[in-house]
Amino acid sequence: MSIEVSMKVNGKPVSAEVEPRTLLVQYLREHLGLTGTHVGCDTSQCGCCNIHLNGESIKSCTIFAIQCQGQDVLTIEGLAEEDGTLHPMQQAFWEHHGLQCGFCTPGMVMVACDIARRLPDADEKTIRHELEGNICRCTGYQHIVEAIESGIKAMNARG
Amino acid sequence: MYEFNYHRPKTLDEASRTTKEAEDGQVLAGGMTMIPSMKLRLASPSDLVDLADIDGLKGITIGPDTVTIGAMTRHHDVHTSPDVQKAIPALAALAGGIGDPSVRHRGTIGGSVANSDPAADYPAAVLGLDATVETNTRKIAADDFFTGLFETALESGEIITAVHFKIPDAAAYMKFPQPASGFAMVGAFVAKFGGEFRLAVTGAKDCVFRMTEMEQALAANFSADAVAEITIAEDDLLADIHCGADYRAHLVTVMAKRAVALAAG
């Protein structure tokens with residue numbers, strides 16, 4: 001059984017025939033070719049697959065594509081400006097070297113933007129707690145947390 | 001994951017009927033347990049009935065004596081609700097300790113309560129706050145709701161619509177989280193209603209349960225000292241790779257003490 005699903009991804013309307021069991025992350029990666037969203041664990045624990053659904057961070061490996069019918073999805077590919085100018089949080093990760101191998105980075109950046117939205121005054125301790133659902137296999141948390149602190153400030157300044 | 005048929009009904013009646021009539025129908029709420037279980041093939045429903053389009057299942061209502069939370073209300077919404085934070089701060093705090101932020105953006109109270117995971121947080125609040133679980137057909141008292149390991153009083157096609165929590169004079173929840181998953185190895189929820197107390201424990205047995213001996217001790221002396229010497233037998237406690245039955249028994253008393261100390265302020 002295939003079902004037609006339509007949603008907005010990074011501002012563009014997309015639609016496809018998918019099996020009900022197609023996870024959102026499979027749809028993004030395999031149907032749309034948006035491979036920036038990573039699959040680290042497939043058990044909802046690592047956070048590499050975080051995207052924004054209607055403006056809130058969620059794990060795209062733990063939702064079916066058909067559940068996103070008519071909804072708004074933002075992936076890591078949709079963060080930067082059209083001309084390639086990085087989003088302030090991406091810029092902060094670059095400047096603070098908030099990555100080692102880079103595999104967890106898309107999920108980290110998407111969750112970091114969500115933290116900035118919900119908790120614009122987040123301090124280091126809060127940021128560490130908020131990253132509970134994101135695992136960095138390289139254990140590079142120190143720079144990730146510094147990058148997020150700086151990215152939140154940059155996002156606040158941008159308004 | 002095995003294939004399944006997907007349904008997205010507009011009404012509760014249709015959802016209930018579709019679930020009941022399917023070969024092995026399951027309700028889909030937030031999916032934070034259902035979808036991982038299906039990926040691991042621990043669950044393989046023939047039909048999945050998504051409650052997302054049914055009106056009236058979301059939202060928080062504060063009454064004079066109760067807080068009513070719609071079944072499809074997410075952990076994030078309970079955690080950040082100023083109304084819940086004011087009426088039952090322990091409940092808002094409990095919701096904020098489930099999973100991680102992205103899980104709390106999807107997971108729902110109805111899904112958690114219906115699942116009756118032995119280590120879930122919400123069942124402790126439901127039992128500790130003497131809540132009533134409302135379904136499409138009836139109202140079930142918390143004391144009758146949780147019946148075993150992933151087992152509840154819910155019948156086939158019966159769907160939770162809301163949970164009604166009694167507003168206590170004081171309450172607190174403390175858990176010892178399993179470090180990787182955040183699930184409670186043991187969690188204790190204590191609530192004071194006038195001169196009576198309820199103390200519910202999650203994580204230790206097949207499903208949430210009350211420590212009546214502690215409740216009686218608290219009625220005489222509302223302090224952590226009152227429960228400090230009350231222990232639970234190891235015999236029917238859970239034991240796994242994370243925690244043996246003896247350690248869980250120890251944690252029951254420790255978590256109860258911490259919860260009481262917090263509630264007594």
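All values below come from the heavy atoms of this structure, side chains included, with hydrogens, waters and symmetry mates left out. Chain A is the first sequence line, chain B the second, and so forth, proteins listed ahead of strands; every chain is numbered from 1. Nothing here was measured: the structure is a model prediction, and the numbers come from that model.
- When the shell of 6.0 Å around CD of B:Glu23 is examined, it contains 12 or fewer heavy atoms from other residues, nucleotides or ligands.
- Contacts of B:Met34 with chain A are absent, with no heavy-atom separation under 4.5 Å from either backbone or side chain.
- Other residues, nucleotides and ligands contribute only 12 or fewer heavy atoms inside 6.0 Å of the CZ atom of A:Arg137.
- Counting heavy atoms from C-beta on, the side chains of A:Phe64 and B:Asp50 never come closer than 4.5 Å.
- Between A:Gln67 and B:Arg106 there is a side-chain heavy-atom pair separated by less than 4.5 Å.
- Closest approach of B:Ser102 and A:Val111 over heavy atoms only: OG-CG2, 4.0 Å.
- Proximity to chain B involves both the backbone and the side chain of A:Glu56, based on heavy atoms less than 4.5 angstrom apart.
- Summarising the local packing, NZ of B:Lys39 is surrounded by more than 12 heavy atoms from other residues, nucleotides or ligands at distances under 6.0 Å.
- Within the 4.5 Å cutoff, the side chain of A:Arg118 has no heavy atoms near those of the B:Thr80 side chain.
- Under the side-chain contact (heavy atoms from CB on, under 4.5 Å) test applied with B:His105, the options A:Leu53, A:Asp114, A:Asn54 reduce to a single match, A:Asp114.
- Top candidate by heavy-atom pairs under 4.5 Å with chain B, chosen from A:Asn50, A:Ile63, A:Ile66, is A:Ile66.
- Looking only at side-chain heavy atoms (C-beta outward), B:Pro36 and A:Thr43 stay at 4.5 Å or farther from each other.
- Closest heavy-atom contact between B:Pro101 and A:Glu130: CG-OE1, 3.2 Å.
- Interface remark: A:Ile3 contributes side-chain atoms only to the contact with chain B (heavy atom separation under 4.5 Å).
- A distance of 8.5 Å separates CE in B:Met1 from CZ in A:Arg21, rounded to the nearest 0.5 Å.
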Exercise for the section: Please lay out, stage by stage, how B:Asp100 and A:Gln45 fare under the test side-chain contact (heavy atoms from CB on, under 4.5 Å). Expected result: CA-CA 9 Å; B:Asp100 59 60; A:Gln45 287 167 321; over 6 Å; no

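- Of the atoms belonging to B:Asp53, not a single heavy atom falls under 4.5 Å from chain A.
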Practice task
Take B:Phe4 and A:Glu19 through the test side-chain contact (heavy atoms from CB on, under 4.5 Å) and record every step on the way to the result.
Solution key: CA-CA 9 Å; B:Phe4 60 89; A:Glu19 285 190 9; over 6 Å; no

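- Both the backbone and the side chain of A:Asp42 come within less than 4.5 Å of a heavy atom of chain B.
- Using a 4.5 Å cut-off between heavy atoms, A:Leu23 contacts chain B through its side chain alone, with no backbone atom that close.
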